[in-house]
Amino acid sequence: MKANYLDELNERQREAVLHINGPLMIVAGAGSGKTKVLTTRIAHLMRNGVDAFNILSLTFTNKAAREMKERVEKILGGSEARNLYIGTFHSVFARLLRAEAHRLGYPNDFTIYDTDDAKSVLKTIINELNLDDKHYKPNFVYNRISAAKNSLMGPEEYQHDYYVQQEDMRANRPLIGKIYDMYAKRCFKNGAMDFDDLLFKMYVLLKSFPEVLHKYQHKFKYIMIDEYQDTNPAQYEIIKLLGAVNENICVVGDDAQSIYSFRGATIQNILQFEKDYDDARVVKLEQNYRSTKSILNVANEVIAHNKGQIEKNLWTDNQDGDTIKLVRTNTDNEEGKFVADTIAEQKLRNHYDNRDFVILYRTNAQSRSFEESLRRKAIPYRIYGGLSFYQRKEIKDFVAYLRITMNTRDEESLKRIINYPVRGIGKTTIEKTLVLSNDHNITMWEVLERAREFGFKGGTLEAIDGFVTMIRSFQAMLGKHNAYDVAVNVGKSTNIVKELFNDKTTEGLARYENVQELLNSIKEFTETPDEEGELLDKSLGSYLQQITLLTDADNENKEDSDVVKLMTIHAAKGLEFPVVFTVGLEETLFPSGMSINTREELEEERRLFYVAITRAKSRLWLTYANSRYRFGNLVQNEPSRFLEEMPEKFIDRSYAGGGAIRNAFGSTNGGGWGAGGGSNMFDRMQKKTTPSSPQQQNQGPRPAPKPATGPVSTHVPTPGFAPDDPAGMEPGMQVEHQKFGFGTITGMEGAPNNRIATVVFPKGGGEKKIMLNYAKLRIVR
DNA sequence: ATAACAACCCGGATA
DNA sequence: GGGTTGTTAT
């Protein structure tokens with residue numbers, strides 16, 4: 001062990017580390033060395049005689065857990081760190097529940113349903129109730145149920161809670177309680193828990209079985225919680241229960257970075273900590289080691305617009321650094337192009353690698369224009385988020401076989417693969433099985449097992465028996481072979497691997513490779529020592545429960561490859577990058593149009609902006625576009641209100657054109673470039689510029705980012721551009737297009753209600769087919 | 001049964 | 001625009 005581990009800490013950090021017994025709250029500002037303090041504290045506890053087996057450390061992401069474990073190991077040197085119980089709330093509780101599930105009537109190998117599984121179950125139930133799933137949208141219902149569970153409200157209470165019922169009535173969806181009830185029963189019948197159940201049932205378990213609570217209270221004598229500001233009431237109550245005896249609870253958080261209220265998190269948990277534990281020690285980490293003064297000052301001033309923060313003054317010894325660059329472009333595509341150009345330029349000018357850059361956006365859908373522009377410039381990139389590996393269809397299909405092998409109650413998985421690959425068990429048979437299972441109150445699997453008895457005949461009976469025999473053969477393997485051998489056998493017996501192998505299309509090839517990758521991951525799982533806790537559980541059931549809790553970001557193998565990263569701001573929390581582009585800073589997008597109705601919502605958006613800013617170590621670009629495509633049509637947004645909240649001193653607005661942005665803010669016509677607005681004004685105030693590409697402007701002595709290619713498709717529409725009725729358009733006419741500029745209609749085809757014009761745009765890339773219902777054209781003459 | 005095509009929906013962030 | 005679901009044609 002490093003003897004001098006305390007020397008590497010500043011005074012505040014040391015204070016936090018040295019506190020051993022009793023409740024402790026560490027208020028850790030962005031970039032203040034939070035992880036270092038947490039890991040050093042764990043090491044310090046162990047140094048002072050605390051057994052690793054008695055330490056529980058909970059995080060929100062697998063990545064944070066992994067990192068913490070590695071760093072503790074590094075400080076301690078030995079292998080003792082292996083005995084620590086470090087993991088995400090969900091994965092730790094899944095493991096504990098796995099050990100205790102029988103008490104709740106669940107199989108120990110219960111299935112964990114991800115969001116898609118859960119919504120699919122909900123859709124089934126909604127249809128069973130003869131409700132319209134356009135009105136009772138599974139997504140909406142799921143969110144309601146999720147919120148209920150996160151505040152520890154079961155179906156009974158939900159249906160009898162006056163306030164909740166009022167809400168559902170007002171939303172004209174009075175039957176959500178009924179759906180919740182059926183959903184809970186269905187999940188139980190299926191032997192399945194969804195993500196929220198992992199918290200909810202954990203609470204129920206501890207509350208209902210004092211001996212279980214007692215056991216874990218004495219096992220986990222020291223508890224640490226990372227990102228405490230993101231805990232929800234369920235997590236809060238569980239922590240409180242577990243820590244009630246020893247009260248050795250150490251929470252770390254930053255109220256300024258609370259961005260998960262949609263997941264039920266309540267900022268109250270951190271604000272109230274001192275009231276919950278009256279002898280709590282509070283330590284504030286206020287020195288930032290990450291960012292330049294410019295960046296930090298901007299961040300501080302932005303967050304100061306929120307009310308009711310824990311008082312703190314984040315400061316840094318780092319140098320002033322560059323100003324923050326504010327960039328306005330005409331369209332989302334130009335925004336993408338600007339960012340790609342700037343990355344290329346910065347790589348040359350300041351010798352950055354691709355891995356030094358991150359592009360942060362509010363919504364995943366924004367990634368498209370950046371992907372395109374990066375690809376065009378041959379800059380390698382990777383998008384984080386979106387579909388996780390385990391959400392791909394071919395993987396879910398394969399995993400469904402494994403799930404049904406472990407847990408035959410799992411109806412969702414059964415339905416998924418009962419006729420995949422096709423084996424002659426069609427819709428009618430499945431329906432019949434379903435009805436029988438409901439009538440006799442048994443699982444579908446039990447119906448299939450007793451198919452003959454239930455009157456199935458001929459080819460159908462044969463097919464069913466074949467299926468049952470096959471699944472049983474997998475189950476028989478479990479005792480004698482490891483998870484990998486079982487999985488390989490599943491691939492063979494079902495013919496899935498062969499079938500994918502024979503598919504020579506590009507997608508088929510990718511699917512085949514994905515399944516191979518799945519098999520590899522199972523192999524790796526069975527062969528490597530356990531990551532988390534002392535439970536050396538290498539079973540297939542354990543594997544299945546873990547993978548559902550993995551996200552895209554946990555695909556770490558490409559972690560340090562030299563690529564530009566693209567992700568949502570949410571996904572970037574806890575990370576840092578030398579150069580950050582925060583994009584799409586427009587009203588209705590960021591802040592989201594859905595979160596501007598209450599102060600609470602808006603403040604959370606602002607905290608999100610704060611998180612985005614504080615990811616940057618040395619350079620920060622903020623970009624926004626006058627107009628962008630959203631759901632297929634062009635919309636125009638004003639610059640984000642957050643841009644007004646930044647101190648002028650540290651901002652370089654010359655990229656955007658200082659006049660232009662101020663005009664947009666003060667504009668009475670409201671639009672970024674409405675009639676007589678934006679572009680006109682912009683022209684007037686920047687006489688020397690070419691109006692076609694405002695993002696390339698360079699006002700000061702500072703060198704401009706010089707995009708390598710000229711503005712090919714950049715066209716600034718005529719002031720007052722408004723589309724004309726397509727009905728009046730005929731070949732020969734001169735028209736104007738928002739992007740392609742002026743052109744001539746040379747041909748017309750298609751039905752009267754869906755006419756397609758052929759238009760030649762001399763400056764906009766030649767001949768194009770324009771669907772008149774979609775693209776807006778202005779008739780010039 | 002599958003492929004090709006039309007209709008429809010989406011409002012967001014995640015373990 | 002893009003992804004998914006439903007419908008129709010072969």
Side-chain angles (χ1 to χ4, degrees), chain A residues 58-65 87-94 112-120 123 133-135 137-140 142-143 146 149-150 193-200 202 227 230-232 234-235 257-265 332-333 360-369 371-372 384-388 390-391 393 419-422 424 426-427 505 545-554 567-574 584 588-596 601 604-605 607-609 611-612 628-635 754 771 774-775:
Chain A
L58 296 173
T59 65
F60 274 83
T61 65
N62 294 297
K63 202 174 163 205
T88 65
F89 280 93
H90 289 86
S91 71
V92 166
F93 294 169
I112 297 174
Y113 281 166
D114 66 20
T115 319
D116 295 333
D117 300 322
K119 285 176 188 168
S120 159
K123 194 170 177 185
D133 59 19
K134 299 270 158 58
H135 184 61
K137 287 179 191 155
N139 196 38
F140 181 86
Y142 176 83
N143 286 331
S146 173
K149 285 182 186 170
N150 285 329
M193 296 195 198
D194 64 20
F195 287 148
D196 302 310
D197 282 330
L198 296 178
L199 308 181
F200 184 46
M202 186 70 208
E227 309 278 15
D230 289 331
T231 52
N232 61 37
Q235 291 161 324
Q257 295 184 63
S258 164
I259 54 173
Y260 278 104
S261 72
F262 72 92
R263 209 161 58 184
D332 46 357
N333 287 331
L360 301 178
Y361 34 74
R362 178 70 237 272
T363 67
N364 279 310
Q366 284 165 258
S367 67
R368 207 197 89 256
S369 63
E371 285 179 72
E372 279 174 14
Y384 286 78
L387 267 202
S388 120
Y390 298 99
Q391 285 174 289
K393 187 189 171 297
N419 201 33
Y420 171 81
V422 276
K427 218 169 154 191
T505 62
Q545 291 187 344
Q546 290 303 300
I547 59 170
T548 312
L549 301 172
L550 296 179
T551 61
D552 187 39
D554 293 314
M567 64 183 84
T568 63
I569 300 165
H570 282 89
K573 189 157 77 144
T588 75
L589 187 57
F590 193 17
S592 160
M594 281 174 274
S595 306
I596 50 175
E601 288 170 345
E604 177 146 324
E605 293 287 306
R607 290 192 293 268
L608 195 53
F609 186 42
V611 168
R628 71 173 61 239
Y629 277 93
R630 259 179 123 179
F631 305 125
N633 34 1
L634 196 67
V635 297
N754 183 29
M771 296 177 72
Y774 169 61

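Residue numbering restarts at 1 for every chain, and letters A, B, ... go by the order of the sequence lines.
Looking at residues two or more places apart in sequence or on another chain, you find no salt bridge (Lys or Arg N to Asp or Glu O under 4.0 Å) involving A/Glu601. Partners of A/His570 by ring pair (Phe, Tyr, Trp, His ring centres under 6.0 Å), not counting sequence neighbours, listed by chain and number: A/Tyr260, A/Phe262. Residues satisfying the salt bridge (Lys or Arg N to Asp or Glu O under 4.0 Å) criterion with A/Asp196, sequence neighbours excluded, are absent altogether. Every residue was checked against the salt bridge (Lys or Arg N to Asp or Glu O under 4.0 Å) condition with A/Asp332, not counting sequence neighbours, and none meets it. Legend: residues meeting side-chain contact (heavy atoms from CB on, under 4.5 Å) with A/Ser120, ordered by chain and number and at least two apart, are A/Glu412. The side-chain contact (heavy atoms from CB on, under 4.5 Å) search around A/Asp114 returns A/Asp116, A/Asp117, A/Phe195, A/Gln391, A/Lys396, A/Thr548, not counting sequence neighbours. Residues that satisfy the salt bridge (Lys or Arg N to Asp or Glu O under 4.0 Å) test with A/Arg263, not counting sequence neighbours, are absent from this structure.
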Summary of protein contacts for nucleotides 2-10 of chain C, nucleotide by nucleotide, where a base hit scores B, a sugar-phosphate-only hit scores S (4.0 Å, heavy atoms): S--------
Sequence-aligned protein contact record of nucleotides 6-15 of chain B, with B where the base is within under 4.0 Å of a protein heavy atom and S where only the sugar-phosphate is: ---SBBBBBB
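At a cut-off of 3.5 Å, with distance as the only test, no side-chain donor of A/Arg628 or A/Ser369 sits close to an acceptor on the other residue.
A gap of 15 Å separates the P atoms of B/dA13 and C/dT4, to the nearest Å.
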